[in-house]
Amino acid sequence: MITLIGVSKVYRPRRVALLDVNVHIGKGEFVFLTGASGAGKSTFLRLLYREQTPTSGQVIVLGQDVARIPMRKVPYLRRQIGVVFQDYKLLSDKTVWDNVAFPLLVTEHPPREIARRVPAVLEQVGLLGYEKNRAGELSGGEQQRVALARSIVLNPAILLADEPTGNLDAGTARIIADLIQDIHRRGSTVVMATHSDWIVNRLRQRVIHLRHGRIVADEYPGRYVHEA
Amino acid sequence: MITLIGVSKVYRPRRVALLDVNVHIGKGEFVFLTGASGAGKSTFLRLLYREQTPTSGQVIVLGQDVARIPMRKVPYLRRQIGVVFQDYKLLSDKTVWDNVAFPLLVTEHPPREIARRVPAVLEQVGLLGYEKNRAGELSGGEQQRVALARSIVLNPAILLADEPTGNLDAGTARIIADLIQDIHRRGSTVVMATHSDWIVNRLRQRVIHLRHGRIVADEYPGRYVHEA
Amino acid sequence: MKPSTWIYYLREAWQGVRSGGLLSLASALAIVVSLAALAVVMILAVNLQHMTRVVENQLQMVAYLVEDFDRTWQDELMRKVKAIPHVKQATFVTREEGLQRLQDQLGSDSVLLEAAAESGNPLPDAVEVEVDDPRYMGQVAAALGTIESVEEVAYRRDIVNRLTALTDGIRNVGLALVLLLAAASLLTVANTVRLTIYARRREIAIMKLVGATNSFIRWPFLLEGFLFGLVGAGLALAIAWGGYSWLVVRVGEGLPFVPVLSPDAVLLQVAQWLLVGGVLLGVGGSVVSLRRFLRV
Amino acid sequence: MKPSTWIYYLREAWQGVRSGGLLSLASALAIVVSLAALAVVMILAVNLQHMTRVVENQLQMVAYLVEDFDRTWQDELMRKVKAIPHVKQATFVTREEGLQRLQDQLGSDSVLLEAAAESGNPLPDAVEVEVDDPRYMGQVAAALGTIESVEEVAYRRDIVNRLTALTDGIRNVGLALVLLLAAASLLTVANTVRLTIYARRREIAIMKLVGATNSFIRWPFLLEGFLFGLVGAGLALAIAWGGYSWLVVRVGEGLPFVPVLSPDAVLLQVAQWLLVGGVLLGVGGSVVSLRRFLRV
Ligand SMILES: Nc1ncnc2c1ncn2[C@@H]1O[C@H](COP(=O)(O)OP(=O)(O)OP(=O)(O)O)[C@@H](O)[C@H]1O
Ligand SMILES: Nc1ncnc2c1ncn2[C@@H]1O[C@H](COP(=O)(O)OP(=O)(O)OP(=O)(O)O)[C@@H](O)[C@H]1O
Ligand SMILES: [Mg+2]
Ligand SMILES: [Mg+2]
């Protein structure tokens, strides 16, 4: 499903975010990505949906060499990958409904299907009743859950979640963690970057730990690694 | 220092974010603000630095009725209050240095003073060496720390931190929590909204717990309240 | 594409226009006014060109014939005259007609003419020649001179030269002005569209990251650009049309001798250019401006 | 304010211009071109006004005197003529001068004149009168007619009327065009500034939340607007100046009879308006556009 071969990513002028990363994530796996702030977690994820391309090495997602596919095919790759961005990236002037419906619109789902699915995922993330609010006026945690709703509305083959519980209280975070586990059980491959030790330790899944852009631990089942 | 008298905040059309909140926070106190996602923590803080005005009730900060002071005096109020915004609100096209130096520029500190203070706070948050990076290209946790650096660079009388460790790994979060404790010890009044149970439980300070806009617990020393 | 997608595009385009609010209004106004200025200048230029053509065509030369010209040769003579290249029209004017016309031209209060009339009709028979382009007058005059029984060829060489230079000058200045204003309108429209898109660059980037194709993002902007261009050009035309119609009526009353074109004739010409131009600008501006932000 | 704050303002303004990149370039170009168009039309309008005034001033009327006029009365007569209101200038023209001038005017190839000359000088002495405004010609003519020893007053009533109407028309159309283009330039500049600020609304809000005063935020934008206005108007002027100087030379060569104004005279007038206008627009546009985003 996801294979990285000798992948390095160096940002101009010379900030090394990933260094010689080799990893394989099979179909249906659930992987936690951990590491200190700036360790390279978001960069790792960004390479998978081609927000960025590797400085060297190969990134293979769903059988395609992501850096090599032509620009016009990128949207079709992205539709198979649901992403919860660390900064949410919601269309803040649009309503919650419009934000969540957007991937369905892009893939030309019929209106009836959209009208069915949007409330369904909003219910899953606990945001029923917020459809008509502009995304920009929601609370931090609410926005985070809208981002999650949007990422799962297409039942993506791969779910990439970058710190999806960073702005949630413990109770809501547990609900969201369970939801992600649910999605995993229904067949999606999940890669989740997180700083939440208790979620990692509760779900007991594979944990890839990054330090300064290198993989320093890759265990299944793993535990949260406390640094320093 | 901070007094709220019968404060309610209702967002259009009728979302109740705060309901009849009465609370006093004395000079030099350290208060945790907890509550589920959407409980009204950010709204509480926003009333203090007048990003929003209450629908009813009085908000008194530093002896001034915040909703009544004329617009042109607001900047001077804000300069006494350092804020770590939940979404950071960094000037993403400017460098880390420019972001942190901004409050000093606004208050017309001499260049020499700026050149001294900026690296000092950047070191405190562990971001020395990032001065010349654009804020927008930092990792989530790094941006969060820049926001903290900016909020403390003026040695504010009041520090409001909205989820300042949401995107930090446990190790970095501890450093940041210690830093905030430090600032508190040096005399600032601190109000910190957080979902981090271990930080709350570690620091053993006053905890105000919100549920659906109401204060349901206010204890010193308090503990993190797990909901449902 | 499905109808529901089209509905989305239209809704987006409309919201784009609406959410801009005053911004869109100001943009639209800038577009309308600069296109209106262009239209006005285009109309003036078309009219100037028309006027200079009319004036040029009124330029005549006269071949005075020998005093004892035998009018039985008239047809033969006219054939020869008309055979000269660039002669558009030639009219035989008898000396009697000539005097009559001179009297009409100078008015009855001409002291000079009274004096001339006293001593009998001093004019010879003549042929009035119209040339198709004033530039060839010298050439035509020379050819006329070689025809037998032509005594003298008269035309206001200086006036012809001046007029040619003047009409050329007017035409060039008019053209330069039209081009300058066209450039200004182009830049205004393109710039407005570009800035509108720039203000929404973050939104565009997000859409791309969530799997939207370039064309999906582009369509609402294209429609918006199309609307802007069409409405802008349409309003500009309406303004120009109204203003010009009013002007034509006034000119017809006050300056009946100035040869203005009828509004319909001019405006159809101008309308084509403006509408096509406006729409192309709006749509083209969108496409070009978007390109930079679609590379995500 | 401290010098370091000023340095910050200048740096910000400059970075605002620079970071806009192509955007700023396109904006600046739009401003330059629309101001240049305005400048060109202003120059043309000023010239047209000058030309019509020249033409109007050339309009003369001639008072032909009785045939047996006694030239010892000349001074007395001239005094009377000059006393008439609206008479700007009056010249006594003897019959000999009159004939000479007629010959010069009509050219040596005038058949009519030859005929007239044969029968002796038919002209009387005359007084040429210049009127300060063509509108008063009728009035002046009537007054001249009442003077003894004036036999007849001649002027081209129809031409005068037409010319008055024409110059009025030209003046009005020119003014309308200048106003239209001024509006277009105004909208372009204001709109450009507004959109530039709109694109940075988030940044402005953040600055306010961190304790910046309105004036602190405003200054860099004002400077940016000032720069845009100044540079835009300056470049527009340079273009207009260059173009006009070139045109004046060409006109001087090809159309020496067309009374164009020297570049310096015109451009000083236009420059004032344009520079002051450009800067006011840039700065004013910034202030007005900012207001909405400063309410945070
Ligand atoms: N500008 C706004 N317009 C309308 N509703 C708003 C606005 N800001 C906040 N709300 C609503 O008010 C409620 C409280 O929001 P607030 O941001 O205070 O929550 P919070 O406690 O900070 O939550 P979180 O932990 O998720 O950040 C939420 O339900 C939110 O949707
Ligand atoms: N666009 C960019 N340009 C330059 N440097 C970048 C860019 N994006 C990330 N970096 C740098 O690369 C390093 C890794 O960033 P990344 O976002 O992958 O970290 P992370 O593990 O997600 O951290 P966090 O937990 O704080 O989100 C950081 O030091 C960051 O400053
Ligand atoms: Mg990250
Ligand atoms: Mg909040």
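In what follows, chains carry the letters A, B, and so on, assigned in the order in which the sequence lines appear, proteins first and then strands, with residues in each chain numbered from 1.
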**Message:** Only pairs of heavy atoms separated by less than 4.5 Å count here; which of B:Q143, B:E142, B:Q144 has the most with chain A?
**Reply:** B:E142

**Asked** When only pairs under 4.5 Å are counted, which of B:D169, B:D197, B:D162 shares the most heavy-atom pairs with chain A?
**Response** B:D169

**Prompt:** What closest approach, in Å, do B:Y224 and B:V200 show between heavy atoms, and which atom pair accounts for it?
**Reply:**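 The pair with the smallest heavy-atom distance is N-CG1, 3.6 Å.
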
Could you tell me whether [X] and [Y] make a salt bridge, using a distance below 4.0 angstrom between a side-chain N and a carboxylate O?
X	Y	answer
B:R214	B:D20	no
A:R202	A:D178	yes
A:D218	A:R206	yes

Under 4.5 Å, counting heavy-atom pairs only, tell me which of [options] racks up the most with chain B.
options	answer
A:Q86, A:E163, A:K41	A:Q86
A:P13, A:G38, A:A17, A:S42	A:G38
A:T43, A:L168, A:T34, A:T172	A:L168
A:A193, A:A170, A:A39, A:A173	A:A170

**Structural part of B:N167 lying under 4.5 Å from a heavy atom of chain A** = both

**Request:** Measure distances from B:Y130 to the heavy atoms of chain A and classify the residue's part below 4.5 Å as side chain, backbone, both or neither.
**Result:**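 Looking at B:Y130, backbone and side chain both touch chain A.
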
**Request:** Indicate whether the side chain of A:H209 and that of A:E227 have a donor and an acceptor atom separated by less than 3.5 Å.
**Result:**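 A:E227 and A:H209 do have a side-chain donor-acceptor pair below 3.5 Å.
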
**Request:** Could you check B:V84, B:V121, B:V100, B:I180 and say which one makes a side-chain contact (heavy atoms from CB on, under 4.5 Å) with B:I152?
**Result:**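 Per the side-chain contact (heavy atoms from CB on, under 4.5 Å) rule, the option paired with B:I152 is B:V121, out of B:V84, B:V121, B:V100, B:I180.
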
